[in-house]
Each structure stands twice: as C-alpha cells, then as structure tokens.
Amino acid sequence: MLVIKVGGGEGINYDYICEDIAGIIKRGVKIVLVHGGSHEANVLSEKLGKPPRFVTSVSGYESRYTDRETLEIFAMVYSGKVNKFIVEKFQKLGINAVGLSGIDGRLLEGQKKSTLKIIEGGKKKVLRGDNTGKVEKVNIDLLMLLINNGYLPVISPLCSSYEGEAINVDGDRAAALLAVKLNADKLIILSNVPGLLKNVEDESSLIKHIDRSKVSEFMEFAKRRMKKKIMGTAEAVEGGVKEVIFADARIKNPVTNALNAKGTVIN
Amino acid sequence: MLVIKVGGGEGINYDYICEDIAGIIKRGVKIVLVHGGSHEANVLSEKLGKPPRFVTSVSGYESRYTDRETLEIFAMVYSGKVNKFIVEKFQKLGINAVGLSGIDGRLLEGQKKSTLKIIEGGKKKVLRGDNTGKVEKVNIDLLMLLINNGYLPVISPLCSSYEGEAINVDGDRAAALLAVKLNADKLIILSNVPGLLKNVEDESSLIKHIDRSKVSEFMEFAKRRMKKKIMGTAEAVEGGVKEVIFADARIKNPVTNALNAKGTVIN
Amino acid sequence: MAACIVCEGNIDIPEDTEEGEIIECPECGIELEVVSIDPIELAPAPKEEEDWGE
Amino acid sequence: MAACIVCEGNIDIPEDTEEGEIIECPECGIELEVVSIDPIELAPAPKEEEDWGE
C-alpha cells in the first residue's frame, strides 16, 4: 500500500502523476492519493477580490487564514475543481477513481483550532475565526471499503471537526496520518521541487538520504511549506511508516522515480 | 427507499431540507439525495467575468452552455461548494453523509453530446464544444455499498461520459434514472415553487394530482427548467417508479410535506 | 447562392447568415450547416440531440 | 498603563498596540490578549496551538 501526497504548487504536472499511478495500480499495487491545490486557490481568491492571507504561527509555520469565505473558496478549488479533474484524468486512463474530501463519511476528522497565536508585523497576536485544525482520526473502514472494491480514493484535505464542521487541514500531515493508519509501506510526497534542498535556491543541493531518527534535525533546511512536510514526515516515521520519499512532481514518472529513490529518502 | 432531488434555485432552504431528511433517516428510511446549484453557479460565473450562457434546444429545452471553463465553474460550485456544505450540514446533524459527483466511481455515466442544435436569435444553429450529455447508466453497486454501510449519498450532477470525460447533465433526469435503477418507492423533486403550477405567476394555481399515464400532457404548463423536471418524471414513471412528488423547498419539513401529498403528486 | 451538397439544388444564403447556422435545402429538405461564410461552405447538420445538461 | 488581571502588576500599553495583540505582564510573565483598546481590556491569551491548515 502506498500513500501518495501531491501538492498544488505551480509547475506540478498532474498528467505525469496520473499516468504513472495508473501504471502502478495496474501492476496490483494499492494506492491512496491525497492532493493539494494552493496555487489554484490563490488564483481564484485574487479573481474574487479576496486575496489569500497567509499567517505565520509563533514558531514559524505558515498557513492560509481560513475564514468562512476562504473556506468556500478552499472547498470549490480543492474538493471541486482539482479533485474532480484528477478523478477525470484517472477515469480516462481506465482507473475507477473516487474523489472524496475528508468531511465525506468523516474520512478525516480532527480538532478545530478557531483561536490561534500568530506573528504579524512583528507583533504577537490572537487570531479568531480561523476554520483550520489538525487531523487526528481516519475512517479506515470507508477507505478499505472503497479500496477492496477496486476504487482509487482521491482525497482533498477539507476535513470534519469533531462537531461536523468543515475545516481546512494540512494535506501533508493528513497524508502522514493516513499512511500510519493504513500501515502503508511508503509515504511519497510529491511537490514542485526535487526533494529537500540544503539551499532552496539551488536545486542541485538535494539531500538524498535522511536517517529516520534524525528527521527533525533537518527542519532547519525547510522553508515555508516544506516545514509542515518535515513535520508530517516525522509523524509518519514515528507512527511506524518504514519509508518516506520526497520527489519531484514536475517530471515524468514521478512516483516510479520516488520508488527508485530519486529524491530525498527517509528510512 | 426515497430518491430526493433538490434544486439550486434562489430561496431554497438547505437547513430545512437537511433537518427534515435527518429525521426521516433516523426513522430507518434509506435515502439518496441529488442536488443542483444553478443560482450559485450563475453568481460565480458573473463574478469571474464569464456570465452564464443559456441555450435553448430546437424543441425549447433550456440549458447552460458548458464549455471547458464553464465546466470548471460547474465543478467548483456543484461538486465543491454546494455538495460539501450539504455534507457539512448533515455531519452536524449526526448523519454520516458522503458527497460524490457522478464521475466518482462512474456513479453516473452517459453519452456526451458535444454537437447540438439550438435556436438563438430566432436562428437555428449548430453548437459545438458543449460538455453536456444524458445520464444512461448508474453504478448501483457503489451506491448500495455506501447505503448498506450506513452512509447517506449526496450526489452532484457532474458525470462521466463513456470515455471518462466530465460532463454536465440534468440533475432532475439523473435523479429519475437513480429512482428507476434503485427501485425507489418515491422520487421527490424539491424546488423553489410549490409544485407544478397552471400559471407560473400564481402560486395558488397548484396542480395537486396528475395521473401517471398523463404526465406528458402537462408539459404545456411547464416553463423553462420545469420542462426537464416533467421529462424526468415521465422517465421515472415509465421506468416503474410508483410515485413522483413536486414540492416546495422554501418551507419547513419539505420532504415530510411531500410525503403527505403537499405539492403535485404523480401516481 | 450555394449548391446543395446532396441534391445540388440552389440554396439562397441570406446576407445575415452566420457561421454555424442551419439552413434547409428548399428542394430536398435536408438540413445543412453553414460551416464557413467566406467562402460559403456547407456540411450535413448533426442529428437532433435533445438531451441536455443542467 | 493597565493592571495585570492575574498579579495586578502595572503593564505598559504602547501607543501602537492593536486589538488582538498579545502582551506579556513584566511581573508575572503571563500572556494577555488586548481584547479592546478603548477602553483597554485584557484577557488571558489562548493556549499555543501549533496545528495548522493547508
């Protein structure tokens, strides 16, 4: 079983990803795909005159401030456009994908954090009305029901709070939890960079291998969104996932490349 | 088993609908819900500077011209915003809803009609590039898999062509086909009118009963979108559905009212 | 004027004819699509398909 | 100046303090939220929650 997370950043090639995954599934490998959509969400937010507001937590984690209006944009882009057009690509390739968000069947459930502390303009502030949270529970039965009946789950990170409210959660950490709960052999995190880079400006500064016990030491190399990918990786490894691979989703056969250790391998 | 179609027109109260359905489900009735989203799609189209273009077929049926850009708006609104926030309402009411579009698991599949004949400006024309079609097949196994495991399917009418492409289909006729294939006892069509009206301007001109053999005779009373609801009804009745009810989705307990024959009853 | 591609009868093409418009041959009654205006190009019009989207 | 709601120590409120800002009581070190500016109103700041959305 593979859990694959593909980001929503610019330059990511969904055709390459879906073609590669279709081939791997046809060889009998079970897969669960989680996807992002940040670039498309930013584009739509600008068009609707509500530019995205990113906030940084006290310890430097960045995320999208998600008031109700932003949550609607999030649902439209992640669960509407990106999710369904990934499913369409798979259907055209003869793979019977089922697109779900985390709120469907409470596939992904967790604690809503409506009050947070952020740093903005150098000041420490309290932020309210944020519909975000952390995924803590997975509806494994629903996932296995679909997988065992030949479907490919394609999941968007719009999740359910324990009270049933829609919340925005981090896709990488949702993928990490899925990998743990599904006892996945590998968690593959695809984005628009070759892997974890020593120097983000230099794509040749790829860190090829990280020992699973030393993951958090590499946090220093992670900038912005990569921080949460490292956090997710640490959680996956702690939860028993044997191998996590960061690889490039801009080139052909991105998953096969990852399986052949082209990227940053953590084991 | 009830199949319920709720429209996306202005004035429809989703809270009333979800609360009523939640109560009925808790009394052990199995339900499948299909929803529309036309009003929200129009609003988003305008905001994105691509006002909706409605075209009328040679015999007077109206639909949304769905080029690829419109299909993306359709996916964002129907499968993203409307679908997921209906699921959210049910989750808050303790009902484990699963939101799907017709392309997920090829739940709804049919013939894509990319070339059509329309009347525009009094002229008969050929219209190309339209991603619409007619639903002809239902993945009953997927539906029953979910229903038998305690989930409430909430379906948006973004469907799959036989080649796996996303297509826009009419929600009422999709609901009719679902009712036939599921051997539903009743098909309930909720919208922002009390039912089929003799005179669309006069809400008291409600037609209370129509004999199942005479449905097509009432086509003359149907204007614009109601035409396809009558068409769907005729198809449901021909397919063996015992009763179809048109009822008002703007008032409390809309489904219970329909079950108590408040609206237009066809049997 | 244009010639019907089926019966070669004469078909009058009005001034305000648009690309994509459907015209009927007065002699054999077939429906033809005006594929292009300049030059005039005709092709059989697609079969009527009543099934429509949302 | 404002009084700390825990130890009643004096807390200096800078001119550019904004609503929702968090300040620390210099005496007991507790973090307080500036709930309103005019009049100054303080309340315990929420616990640090690192878990974030997409």
Side-chain angles (χ1 to χ4, degrees), chain A residues 37 40 44 47-50 68 71-107 109 131 139 141-142 145-146 148-154 156 158-167, chain B residues 37 40 44 47-50 68 71-107 109 131 139 141-142 145-146 148-154 156 158-167:
Chain A
E40 296 255 10
L44 183 63
K47 276 188 193 166
L48 293 177
K50 188 166 167 65
R68 190 67 190 182
L71 194 64
E72 286 181 8
I73 291 172
F74 189 88
M76 286 199 281
V77 170
Y78 283 73
S79 303
K81 185 174 174 181
V82 176
N83 190 265
K84 297 317 168 197
F85 290 134
I86 289 176
V87 168
E88 181 186 40
K89 287 185 194 296
F90 280 119
Q91 293 294 353
K92 283 186 197 167
L93 291 163
I95 299 290
N96 207 349
V98 171
L100 295 167
S101 70
I103 196 165
D104 295 312
R106 295 207 186 205
L107 185 57
E109 210 180 353
N131 297 287
N139 182 348
D141 296 341
L142 176 56
L145 195 66
L146 294 171
N148 294 339
N149 282 277
Y151 298 104
L152 164 65
V154 176
S156 68
L158 175 78
C159 297
S160 178
S161 73
Y162 290 119
E163 296 74 29
E165 301 146 307
I167 52 174
Chain B
E40 297 256 8
L44 182 63
K47 275 188 190 168
L48 294 177
K50 187 165 167 64
R68 190 67 191 180
L71 193 65
E72 286 181 9
I73 292 171
F74 189 88
M76 287 198 281
V77 170
Y78 282 73
S79 303
K81 184 175 175 180
V82 177
N83 189 265
K84 296 319 169 194
F85 290 133
I86 289 176
V87 168
E88 181 187 40
K89 288 186 193 298
F90 279 118
Q91 293 294 352
K92 284 188 196 167
L93 292 163
I95 299 290
N96 206 350
V98 171
L100 295 167
S101 70
I103 195 165
D104 295 312
R106 294 207 186 204
L107 184 59
E109 212 179 348
N131 297 287
N139 183 348
D141 296 342
L142 176 55
L145 194 66
L146 294 171
N148 294 338
N149 281 277
Y151 298 104
L152 163 65
V154 177
S156 68
L158 174 79
C159 298
S160 177
S161 72
Y162 289 118
E163 296 73 30
E165 301 145 310
I167 52 175

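The chains referred to below are lettered A, B, ... by the order of the sequence lines, with proteins before strands, and numbering in each begins at 1. The basis for the numbers below is simple: all heavy atoms, side chains too, and nothing from hydrogens, waters or symmetry mates.
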Is there a side-chain contact between A/K92 and B/E163 in this structure, where contact means two heavy atoms from C-beta onward sitting under 4.5 Å apart? no
Within the 4.5 Å heavy-atom criterion, are A/D141 and B/N149 side-chain neighbours or not? no
Supply the atom-to-atom distance [X] [atom1] to [Y] [atom2], rounded to the nearest 0.5 angstrom.
X      : Y      : atom1 : atom2 : value
B/L145 : A/Y151 : CG    : OH    : 7.0 Å
B/D104 : A/L100 : CG    : CG    : 6.5 Å
B/I86  : A/I103 : CD1   : CD1   : 12.0 Å

Top of B/L142, B/L48, B/L152 for chain A proximity - count of heavy-atom pairs under 4.5 angstrom: B/L142
Among B/E165, B/K84, B/K89, who wins on heavy-atom pairs under 4.5 Å with chain A? B/K84
Considering all heavy atoms of both residues, which atom of [X] and which atom of [Y] are nearest to each other, and what is their separation?
X      : Y     : result
A/A75  : B/F85 : CB-CZ, 4.1 Å
A/A166 : B/E88 : N-OE2, 2.6 Å
A/V77  : B/M76 : CG2-SD, 4.4 Å

A/L93 versus chain B, heavy atoms under 4.5 Å apart: side chain, backbone, both or neither? neither
Contacting moiety of A/A97, where chain B heavy atoms sit under 4.5 Å: backbone
Determine the option with the most heavy-atom pairs under 4.5 angstrom with chain B, choosing from A/S101, A/G80, A/S161. A/G80
Give a yes or no on whether a salt bridge exists between A/E72 and B/K47, defined as a side-chain N under 4.0 angstrom from a carboxylate O. no
Is it the backbone or the side chain of B/L158 that comes under 4.5 Å from a heavy atom of chain A, or both, or neither? side chain
Region of B/L107 in contact with chain A, defined by heavy-atom distances below 4.5 Å: neither
Keeping B/Q91 on the side-chain end and A/S160 on the backbone end, is there a donor-acceptor pair under 3.5 Å? no
